[in-house]
2 protein chains.
Amino acid sequence: MIENNQPSKKTRIRKDRREEILQEAGRLFGIHGFRGTSLSSIAEAVDLTEPGLLHYFPSKVHLLQGVLSYRDQQDSEKYNALLDAGENTIFESLEDLVAKNEKIPGLVRLFTVLVGESIKEDHPAHDYFLNRYAEFRKGLVNQLAIFIESEGLNADVDVNQLAPLIGAVMDGLQIQWLLDPEQVSMSDSFNLFSEIIVDYLKKQ
Amino acid sequence: MIENNQPSKKTRIRKDRREEILQEAGRLFGIHGFRGTSLSSIAEAVDLTEPGLLHYFPSKVHLLQGVLSYRDQQDSEKYNALLDAGENTIFESLEDLVAKNEKIPGLVRLFTVLVGESIKEDHPAHDYFLNRYAEFRKGLVNQLAIFIESEGLNADVDVNQLAPLIGAVMDGLQIQWLLDPEQVSMSDSFNLFSEIIVDYLKKQ
DNA sequence: GTCTATACCCTGATAGAC
DNA sequence: GTCTATCAGGGTATAGAC
């Protein structure tokens with residue numbers, strides 16, 4: 001008996017064509033950068049022609065913005081889960097985050113490659129990254145204050161200078177790790193950093 | 001009396017056409033990246049046509065390599081001068097380096113933008129940066145050992161994990177500073193970092 | 001929703017004259 | 001040492017058919 005047991009075309013595995021496109025585009029942007037990725041290579045990766053792809057996202061820049069907000073959405077879920085999880089301190093949460101990142105090189109690459117390109121003021125992701133870092137620093141300043149408070153420390157450290165430092169270590173380790181994963185362990189170096197900072201705060 | 005006091009064409013201000021090209025190419029690579037910079041834009045900047053430019057550097061990749069080794073040469077002179085200067089510790093030298101970098105955003109940009117692109121394994125600067133970081137870490141490991149020795153510390157820190165950390169802070173601060181120079185001071189944050197690390201080493 | 005066809009621009013690079 | 005002319009290729013995006 002010849003029956004078609006495949007799911008109907010509408011309910012196919014491809015949950016959502018848009019989402020599939022965003023994933024592939026993100027993967028390719030992470031490898032070649034935004035400028036280095038052609039629409040046709042993305043179209044090919046999702047089995048579409050170029051105009052077919054542009055039916056979902058009217059331009060390459062729209063596609064980039066789609067990728068960034070798609071990733072952001074997933075990221076913030078992950079990050080909030082880390083912060084909420086039990087009685088973790090901010091430093092334990094950050095250590096977890098770095099450890100998790102070490103398992104998803106593609107995503108780490110995406111941000112590291114794009115942020116380099118986006119230093120140019122008219123790059124379509126420039127403002128995105130500018131805001132992202134400002135928000136990240138703001139969040140850290142708050143959490144550091146909470147940490148100092150809850151541990152009963154009276155550290156006279158300027159958390160406004162400490163916050164960029166913590167982001168810097170994460171970014172800088174990503175660069176070295178992506179270039180040379182055999183030689184550089186993000187987790188090991190970050191954990192050492194974290195330990196040093198905590199020591200410093202407690203010592204004062 | 002009408003005499004031509006201009007220097008002859010041969011001895012013109014333009015010391016060397018090649019050097020002029022390397023400077024302009026470096027400037028443009030730092031803004032737009034390697035992929036984002038066209039040969040014609042470089043040619044225009046030095047008042048040449050495209051084939052005229054290719055007379056000095058047979059291809060765009062040759063030009064990039066020229067830029068990198070040209071900058072390296074100047075860099076190593078500067079870096080060695082810092083290390084040799086008096087009785088500076090490695091940390092004092094690094095603080096000086098960061099302070100100097102803060103005065104040359106163009107050069108900082110060049111390396112930050114290019115390293116992002118060069119994570120891709122077949123990028124023409126990939127091996128260059130791979131080696132550059134490996135060398136940098138190696139140098140730091142040595143200098144950290146010298147520091148620990150000369151200060152009479154018996155720190156049981158793993159300098160192999162500390163070295164990537166120091167490079168990471170410098171790179172990461174550069175990113176945030178280039179994106180948002182009003183909000184982030186490389187020097188202030190790096191000096192805090194330096195102080196924390198030195199404290200940590202002495203405390204043990 | 002996806003295609004073919006196409007417009008139009010910019011790219012790196014070469015050949016060959018001056 | 002620098003130019004004009006030219007090439008082949010790839011880029012984004014649009015018009016319009018199915």
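Letters go in sequence order (proteins before strands), and every chain restarts at 1.
- Atom CG of A:Leu64 and atom C1' of D:dT12 are 15 Å apart (whole Å).
- Outside the 6.0 Å centre-distance limit, the rings of A:Phe129 and A:His123 are not counted as a close aromatic pair.
- Under a cut-off of 6.0 angstrom, the local environment of CD in B:Gln74 is crowded, with over 12 non-hydrogen atoms contributed by other residues, nucleotides or ligands.
- Comparing C:dT14, D:dT12, C:dG12 against the side chain of B:Pro51 picks out C:dT14 as the nearest.
- Across the protein-nucleic acid pair, B:Phe57 atom CZ and C:dT14 atom P stand 16 Å apart, rounded to whole Å.
- Taking the side chain of A:Thr49 as heavy atoms from C-beta on, and the options C:dT4, C:dA13, D:dC3, the nearest nucleotide is C:dT4.
- Residue contacts for B:Thr37: at a heavy-atom cut-off of 4.0 Å it reaches the sugar-phosphate backbone alone, with no base atom in range.
- For the pair B:Ser38 and C:dC10, the criterion of a side-chain N or O lying under 4.0 Å from OP1 or OP2 is not met.
- The side chain of B:Ser40 places no N or O atom within less than 4.0 Å of a non-bridging phosphate oxygen (OP1 or OP2) of C:dG12.
- By the 4.5 Å heavy-atom criterion applied to side chains, B:Ile104 and B:Lys78 are counted as neighbours.
- Looking at heavy-atom distances under 4.0 Å, A:Leu54 makes contact with a base.
- The distance between atom CG of A:Leu39 and atom P of D:dT12, rounded to the nearest whole Å, is 4 Å.
- The residues A:Arg132 and A:Glu135 are annotated as not salt-bridged, no charged nitrogen and carboxylate oxygen being separated by less than 4.0 angstrom.
- What separates CD of B:Glu50 from C1' of C:dT11 is a distance of 8 Å, to the nearest Å.
- As rounded to whole Å, 16 Å separates atom C1' of C:dT4 from atom NE2 of A:His55.
- Atom NZ of B:Lys60 is separated from atom C1' of D:dG10 by 13 Å (rounded to the nearest Å).
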Checking B:Gln65 against B:Tyr128 for the side chain to side chain donor-acceptor pair (under 3.5 Å) test, could you report, in this order, the C-alpha distance in whole Å, the side-chain angles of both residues, the deciding distance, and whether it holds?
CA-CA 9 Å; B:Gln65 286 162 348; B:Tyr128 171 82; over 6 Å; no

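- The CZ-C1' distance, from A:Arg35 to C:dT11, rounds to 11 Å in whole Å.
- Regarding B:Leu63, its CG atom lies at a distance of 15 Å from the P atom of C:dT11, rounded to whole Å.
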